[in-house]
Amino acid sequence: MTQRDSRLTRTLLLVGFLAIAVGILVARASPARAYEVSIYQSTPAVFWVGVAVAVLTSLVVVVRAPSSRFAAGGVALAALAIASVSALPLVREYHFYGFNDSLTHLGWAKSLVSETLTPLAIVYPSGHVSAGMFSAALGVELTTAMMLVVFFVSVVYLVFVPLLVSLVVSDRRAVLIAVFSALLFLPVNLNGFKLMFFPYSLASFLGLVLLYLFFRHQFSGTDAVESRWRGHVTPVSVLFAVGTVALVSYHLQVAVNYLVLFAVAAVVQLVQRWRTPDAVADQRPVYGLTLVFAAAFVYWLTQYTVGFSTGGLFVEGVLGILSGSSEAGTAISQRTGSVTAVGGGLFDVFVKLFLVNAVYALITLGVFLGVLFGRLPRLSAQGRSILRTLTFGLVVLVPYFFAHLLGAISETNFFFRHVGFAMILATVVGSVGLFYAFEWLSRTEYWSKYGAAVKAGAPVASALVIGLTLMVMFPSPYIYLPSNHVPSQQMGAYDTAFGMSDEDIRYVGIRGNPDRFAEALPDSPTPALGFTTPDEALSDLPSYYDGPRYLMVSKTDHDREVIAYRELRYSEANLTAVRDQPNVNRVMSNGAADLYYVSG
């Protein structure tokens, strides 16, 4: 690199870091004051300009000089930009981020901190315990600590995807590709895999640490004179055993998936040891690690009934399809039906959510075929063994994942959870595939003709791909979904309402009763819960109910139904009609939510 190029590269990095620094400061100075249906529209445009400038300049630097010392600066710049997007709920000082299950987890975490609930009373307590530790150590609110856990785990994902790729291919360029692949956050699909306090997502990301330790143990080298015991027990394997306890208690479904990967690795090693002993002569045995993980999983599974009930639903669904008594694909049909009802197109949603994922899935399939038929001759023995584990593991897991579309279990979001997990592996394998694809392309005659043009356009094209995935990192009306932002005023409204209400009068609600808020407020009086109030009843509530009811109508309800769901189930006219009816009295209001007493 010439001195002139070096100065230009430094200038680009300086501009990029200044842009993202200004963007973060401006976003920090604009905290959320009320419910935000879209985190994208509510965040100042200066922040998004800073992210765009940072990502584009980082790509220019990395593409121009991938082997120079400046490439690390480019990677750091891109990572800072994307990490700041993933941390937006923290940067914008959200009180909490996550509805539904996340609110329940918030209540459990509060109960753990107040010692009214023990960790062993929860089937997956690790995340809640981590949040409690963050809260105590940093002196922050528990809601903030839970968002910090999500951010920390997302950073773990960004770090360990390239680390895993480095075990497969030692080439620096492959690691750079892996970094930018990880920054796409392909596992996040806004259905069953979300960037909020959702134990399945958190455990899936953290499991990459175990996967890395597993392979580091396997390929750490062994001495022929070592004892059989020393072949299994190393400092890395001890760390793996400790991490096993954490992962299994983070989420059992994720533990099953990783157990399959470890079992596949053990089987591959066993077959190689039998057929070609020399191929695994330098490997440490992985059977011990697999057995340790399996034992921890079985022990934890037998302590709770939820694993057996979920397994029962799975078996029932498969048997139901075989006997013709069950239907398939309920979850997908419900979601596609809702999208078309609000005026969205299925192709439009596919492009926004799954286009880039589909590309990586196809590349992963290509790598699998290349490994299977020996079409990757430049791959090292270690890299080939790791790719066998990952791709053969997907061969086992993918049919299991699709089986979650059968029968009653298809009514859950389990399938989309597992799609997110599969994309973690596809990100690793796909990065390797992209590296070899570019390697092959650089050796063709077309590269001598068009290589310069490709390198010139690569930063812009890559930035557009990153932009496409960033737009679906969080739910928003762009994808026909509302934000998961929970303002402090809304939480306070429910806390006050539960404390002042008559315990014999049931709460009803818009699109569901406030059961999740009741669970998120374990120290408040538990309210009596009714059912969902339909849209047609909102214009004449006293006639619909046969007795008194409490109805909470919040800004969140209004923006969710009118802006995000485009009045699919509730019209704006009926939502506003609640306040102008006889025998319907507003008994509490704090600007974020109104509590109405319906005489009935």
Side-chain angles (χ1 to χ4, degrees), residues 35-39 89 94-111 122-124 127-128 131 142-143 146-147 149-150 188-204 250-251 253-254 306 310 330-331 334-335 338 404 409-420 472-477 479-488 490-491 493-495 498 507-522 524 526-527 529-533 552-561 564-565 568-570 592-593:
Y35 174 72
E36 298 179 346
V37 71
S38 171
I39 198 171
Y94 278 17
H95 173 69
F96 189 62
Y97 187 81
F99 281 113
N100 300 321
D101 285 358
S102 293
L103 288 174
T104 300
H105 294 305
L106 173 59
W108 289 351
K110 288 180 177 179
S111 297
I122 307 174
V123 66
Y124 27 61
H128 309 76
L142 188 59
T143 51
M146 293 177 75
M147 292 188 290
V149 169
V150 176
V188 177
N189 57 40
L190 305 184
N191 285 288
F193 203 106
K194 308 167 187 178
L195 203 59
M196 62 187 194
F197 199 92
F198 199 65
Y200 185 97
S201 307
L202 302 179
S204 297
Y250 239 105
H251 206 285
Q253 281 184 319
V254 175
V306 64
T310 302
T330 302
Q334 288 176 346
R335 285 160 175 78
S338 297
H404 286 80
I409 203 168
S410 68
E411 298 175 9
T412 68
N413 62 3
F414 290 171
F415 170 73
F416 291 101
R417 291 184 184 185
H418 294 316
V419 168
V472 292
M473 182 180 288
F474 299 106
S476 71
I479 199 65
Y480 314 108
L481 292 172
S483 168
N484 287 305
H485 176 207
V486 183
S488 59
Q490 185 180 14
M491 191 73 78
Y494 279 104
D495 193 14
F498 295 159
Y507 273 81
V508 293
I510 309 299
R511 198 179 280 263
N513 62 40
D515 57 337
R516 297 290 193 171
F517 283 96
E519 292 173 349
L521 297 164
S524 299
T526 302
L529 298 174
F531 301 98
T532 300
T533 302
M552 185 79 81
V553 181
S554 66
K555 182 180 185 298
T556 302
D557 294 324
H558 177 275
D559 291 357
R560 179 189 66 228
E561 301 301 333
Y565 292 145
L568 173 62
R569 292 191 187 177
Y570 292 89

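Here, residue 1 is the first one in the sequence, and each next residue gets the next number. Predicted model only: the values in this text are computed from it and were never measured. Worth knowing before you read on, the calculation uses all heavy atoms, side chains too, and leaves out hydrogens, waters and symmetry mates.
The main-chain N or O of Gly530 is found under 3.5 Å from a side-chain atom of Asn513 such that the two form a donor-acceptor pair.
Checked against side-chain contact (heavy atoms from CB on, under 4.5 Å), Ser476 has the following partners two or more places apart in sequence or in another chain: Ser38, Tyr40, Tyr478. In this structure, the side chain to side chain donor-acceptor pair (under 3.5 Å) partners of Ser524, at least two apart in sequence or on a different chain, are Asp495. Considering only residues two or more places apart in sequence or on other chains, Lys555 meets the salt bridge (charged side-chain N to carboxylate O under 4.0 Å, His left out) condition with Asp559. With sequence neighbours excluded, the residues forming a ring pair (Phe, Tyr, Trp, His ring centres under 6.0 Å) with Tyr124 are His105, His251, listed by chain and number. In this view, Ala109 and His128, Leu142, Met146 satisfy the side-chain contact (heavy atoms from CB on, under 4.5 Å) rule, not counting sequence neighbours.
A heavy-atom distance below 4.5 Å is found between the side chains of Pro482 and Tyr565. Two residues are said to be in side-chain contact when any heavy atoms from C-beta on lie closer than 4.5 Å; Arg511 and Arg560 meet this criterion.
When all heavy atoms of Met196 and Leu202 are compared, the pair lying nearest together is O-CD2, 4.2 Å. Residues Asn189 and Phe416 come closest through the heavy atom pair ND2-O, 2.9 Å.
Sequence neighbours left out, the pairs with a member in residues 94-104 that pass salt bridge (Lys or Arg N to Asp or Glu O under 4.0 Å) are Asp101-Arg516.
Glu519 and Thr104 are linked by a side-chain donor-acceptor pair at a separation below 3.5 angstrom, with hydrogens and angles left out of the test.
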